[in-house]
Structures are given as C-alpha cells and as structure tokens.
Amino acid sequence: MKTLYVSDLDGTLLRSTESTSDYTNRTINTLVEKGMLFSYATARSYSTSAKVTRGLSARIPLIVYNGALVIDNATGEILLSNFFGDEARDVLRDLIAHGVYPIVYTFANGVEQFRYFPEHSTRGVMEFVATRKGDRRDHPVQTEEELFEGEIFYFACIGDPDRLAPLYEKYRKQYHAVYQRDFYSGEQWLELMPLAASKSNAIRQLKEHLGCGRLVVFGDGKNDIDMFQLADESYAVENAVDELKAVATGVIASNDEDGVAKWLAEHAEI
C-alpha cells in the first residue's frame, strides 16, 4: 500500500527564517529519489513557495493557494485545480461594497496574476505587495473594473479585523474561508477560496491521483486540523498550537529542529 506524506509549509517544514534547511532539502530529495511520495501544502503561491524551498529539487506535486491548485514542482504544470465560477464577481462586489479591496488572484489570458488597487489598498496589502517586488504576477490596476478580469481563484484581504470578521462570518459556510493572523507580519488576513479549495480536499484529490492507500501529514496551526482528521497518521511539530497537538497522533521536534525531515528519515516507507 503506497503512502502519501504531506507537510504544511510555514511553521512546519520551513524554519523561522522562512526557508528549508540544507538537512531538510537533502533528506527529502534523497527519499523522493528512492520512491517516497511527498508533497507540501501551503497558502503560498507556487512562485513564493518555490523560493523558500529553493533547495528542494525533487519532482513532487505542490499544493498551493490553500488547495486551489496542485502544481508539478519540476515543470510548473497544473495537475489539479479548484477555481471559482462566475460567483467570484458577486463576492468581489460585496467586498468592495464593505470597503475591502482584496488582492485578487486570477488567470487572465492564460497568465497568472495578482491584482490590487493601490489607491484603495490597506497598509497591509501594500506591505505584502512590497515583499513580492519583481514578481512577474504583480499587476496593479487603475480601476475597479480591472479587478474583475480573468478566471478568479483566490481572494486575500488584509486589514482591519472589525471589517474582515463580519465578512468571514458571512462567507465561512459558503466558501473556504480562512481568518487568521499572518505567521510573520501579525497582520489580520481573510482568505476566500472555492469550497473545494482546501488543503484537505486537495490532499484527498492528490491521494487519489497518485493511487495511495495511506496518508501521513505534518502541521503546526489550527488550519491544519482538517488535514489531520483526514490522515491515517498526523504529527504536530513541537511549536504547534495546543489545539492541533490535541488531535495529533504524536508530537515531533520543532520546525527549527527539522522535525519533519528527521521523522521522515526514520519512519518513511519507500
């Protein structure tokens, strides 16, 4: 029976320096070459996750944008996708009506872009955009109408909790909504994706795609609980929140101690 191993990225596979260590890269690359089936799941894009895992050269499927896409690490090919339909434009109109101008992730003319309206963007949005300087997806717009173009698959709202919390309550049952403080900046985020776009659903799709019978996962945050509930075995890193540790099969060494890679080196079935 083949086993799929999936790790969360920030706070789990990545060290606090926002990078994978040489040990983690070397260990996972070697195990994948020997036949281990491994993936990581993240809210990051393919572009930014590839940067922080630069030494991870193995050909593995990457679950990005919280499950909106599964992309081949070696080729950049989209293996699986979960996009919004036309309802995305209704959501965008509602966000704007409530004074929230999100970063809109879209494919326009076959090109991936993140669109934002600088004139109405929060400090948090602009600080986030500044960290993506030189990113080919960067696409500021001059009018609201331009935010609606293309095939939308993800909204990222960054700003005042008093504005974002009610929108989370409004949409959390209709869509896949994530409401949490950013791990690094401390800014409040509200992320909205199609209901099918979640780490757990993308993992389920990938497990079927690869023909795996078992699933082992690793994580650190409350947003990893769904994938822990899906797995046959689940391991929380030492720095994980108590809520995740409570539902884990076990607790392993922290992200800064390469807990995931050390566990895989000792226990992964190849």
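Side-chain contact check for T30 and E33: no donor-acceptor pair (N or O, by modelled atom type) lies under 3.5 Å. Y179 and E169 share no donor-acceptor pair across their side chains, judged by distance under 3.5 Å alone. Counting only N and O atoms by type, the side chains of S45 and R137 include a donor and acceptor under 3.5 Å apart. For the residue pair R204 and N201, a side-chain donor N or O sits within less than 3.5 Å of a side-chain acceptor on the partner.
Between atom CZ of residue R44 and atom CG of residue L14 there is a gap of 6.0 Å, rounded to the nearest 0.5 Å. Put simply, CG on N255 and CG on D10 are 9.5 Å apart, with the number rounded to the nearest 0.5 Å. How far CD of E191 is from CG of N66: 5.5 Å, rounded to the nearest 0.5 Å. Put simply, OG1 on T20 and CD1 on I28 are 7.5 Å apart, with the number rounded to the nearest 0.5 Å. The CG atom of L92 sits 5.5 Å away from atom CG of L147, with the distance rounded to the nearest 0.5 Å. With values rounded to the nearest 0.5 angstrom, S121 atom OG is found 7.5 Å from Y116 atom OH.
With T12 contributing its side chain and D220 its backbone, the two residues share a donor-acceptor pair below 3.5 Å. Side chain of S39 to main chain of P61: a donor-acceptor pair is present (N/O by atom type, distance under 3.5 Å, no hydrogens or angles). Between the side chain of N82 and the backbone N or O of G67 there is at least one donor-acceptor pair closer than 3.5 Å. For D72 (side chain) and E77 (main-chain N/O), no donor-acceptor pair under 3.5 Å exists by modelled atom type. Using a distance-only test at 3.5 Å, with no hydrogens or angles considered, no donor-acceptor pair links the side chain of R59 to the main chain of N73. Judged by distance alone, the side chain of T122 and the main-chain N or O of V125 form a donor-acceptor pair under 3.5 Å. With hydrogens and angles ignored, the 3.5 Å screen pairs no side-chain donor or acceptor of T249 with any backbone N or O of E233.
In this structure, the side chains of T131 and K133 stay at 4.5 Å or more apart for every pair of heavy atoms. At least one side-chain heavy atom of Y40 sits under 4.5 Å from a side-chain heavy atom of L56. Under the 4.5 Å side-chain criterion, counting only non-hydrogen atoms from C-beta, E238 is in contact with K245. You'll find the side chain of T42 stays beyond 4.5 Å of the side chain of T48, heavy atoms only. Residues C157 and L167 are not in side-chain contact: their nearest non-hydrogen atoms beyond the backbone lie 4.5 Å or more apart. The closest side-chain heavy-atom distance from D256 to N239 is not below 4.5 Å. Residues L244 and K222 have side chains not in contact (no heavy-atom distance under 4.5 Å, counting atoms from C-beta outward). Looking at I96 and Y101, their side chains come closer than 4.5 Å, going by heavy atoms from C-beta outward.
The shortest heavy-atom contact between V217 and M227 is CG2-O, 3.8 Å. In plain terms, the two heavy atoms of W263 and Y5 that are nearest each other are CZ3-CE2, 3.8 Å. Across all non-hydrogen atoms, the minimal contact from D182 to S185 is OD2-N, 2.7 Å. Shown here for L69 and S81, the closest heavy-atom pair between the two residues is CD2-CB, 3.7 Å. Across every non-hydrogen atom of D8 and G219, the tightest pair is CB-CA, 3.9 Å. Of all the heavy atoms in Q188 and L164, the pair that sits closest is O-CD1, 3.7 Å.
Hydrophobic clustering of Ile, Leu, Val, Met, Phe, Trp and Tyr side chains at less than 4.5 Å, counting indirect connections, keeps L37 apart from I60. Grouping the Ile, Leu, Val, Met, Phe, Trp and Tyr side chains by contacts below 4.5 angstrom, directly or via other members, places V91 with I152. Both I78 and L62 are part of a single hydrophobic cluster, where members link through side-chain heavy atoms under 4.5 Å apart. Placement of V237 and F228 in two distinct hydrophobic clusters is found when ILVMFWY residues are connected by side-chain heavy-atom separations under 4.5 Å, directly or transitively. Connection of I203 to V70 is established within a shared hydrophobic cluster, with ILVMFWY side chains joined at heavy-atom distances below 4.5 Å, either directly or through further cluster members.
One finds no salt bridge joining E149 and R89 here, because no Lys/Arg side-chain nitrogen approaches an Asp/Glu carboxylate oxygen to under 4.0 Å. Comment: K2 does not engage E269 in a salt bridge, judged by the lack of any side-chain N to carboxylate O separation of less than 4.0 angstrom. No salt bridge links D226 with K199; every basic N to acidic carboxylate O contact stays at or beyond 4.0 Å. Taking 4.0 Å as the cut-off between side-chain N and carboxylate O, R123 and E187 count as a salt-bridged pair. Salt bridge status for E112 with R136: absent, with no side-chain N to carboxylate O gap under 4.0 Å. A salt bridge is absent between D160 and R163; no separation between the charged side-chain nitrogens and carboxylate oxygens falls under 4.0 Å. Remark: K170 engages D94 in a salt bridge, criterion side-chain N to carboxylate O under 4.0 Å. Between K262 and E266, no side-chain nitrogen of the basic residue sits less than 4.0 Å from a carboxylate oxygen of the acidic one, so the salt-bridge criterion is not met.
In this structure, E144 places its CD atom where more than 12 heavy-atom neighbours from other residues, nucleotides or ligands lie under 6.0 Å away. Other residues, nucleotides and ligands place more than 12 heavy atoms under 6.0 Å from the CG atom of D90.
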With ring pair (Phe, Tyr, Trp, His ring centres under 6.0 Å) as the test, would you mind laying out the steps for F155 and W189 before giving the verdict? CA-CA 10 Å; F155 294 113; W189 280 58; over 10 Å; no
Show the numbers, then the answer: is there a ring pair (Phe, Tyr, Trp, His ring centres under 6.0 Å) between Y175 and F84? CA-CA 10 Å; Y175 300 106; F84 281 110; 5.6 Å; yes
Working note: Y184 + E18, criterion side chain to side chain contact (heavy atoms under 4.5 Å, CB included); need CA distance, chi angles, decisive distance, verdict. CA-CA 9 Å; Y184 301 104; E18 290 192 68; 3.1 Å; yes
Given L264 and F218, is the side chain to side chain contact (heavy atoms under 4.5 Å, CB included) satisfied, shown in steps? CA-CA 10 Å; L264 290 171; F218 308 87; 4.0 Å; yes
When you look at Q205 and L80, which way does the side chain to side chain contact (heavy atoms under 4.5 Å, CB included) test go after all the steps? CA-CA 8 Å; Q205 292 172 326; L80 301 166; 3.8 Å; yes
Could you check F128 against I103 for side chain to side chain contact (heavy atoms under 4.5 Å, CB included), going step by step and ending with a plain yes or no? CA-CA 10 Å; F128 172 81; I103 304 171; 3.4 Å; yes
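Using a 30° and 60° split on the angle between ring planes, F83 and F153 fall in the parallel class, below 30°. The aromatic rings of F117 and H120 sit perpendicular to each other, their planes meeting at more than 60°, with 30° as the lower class boundary.
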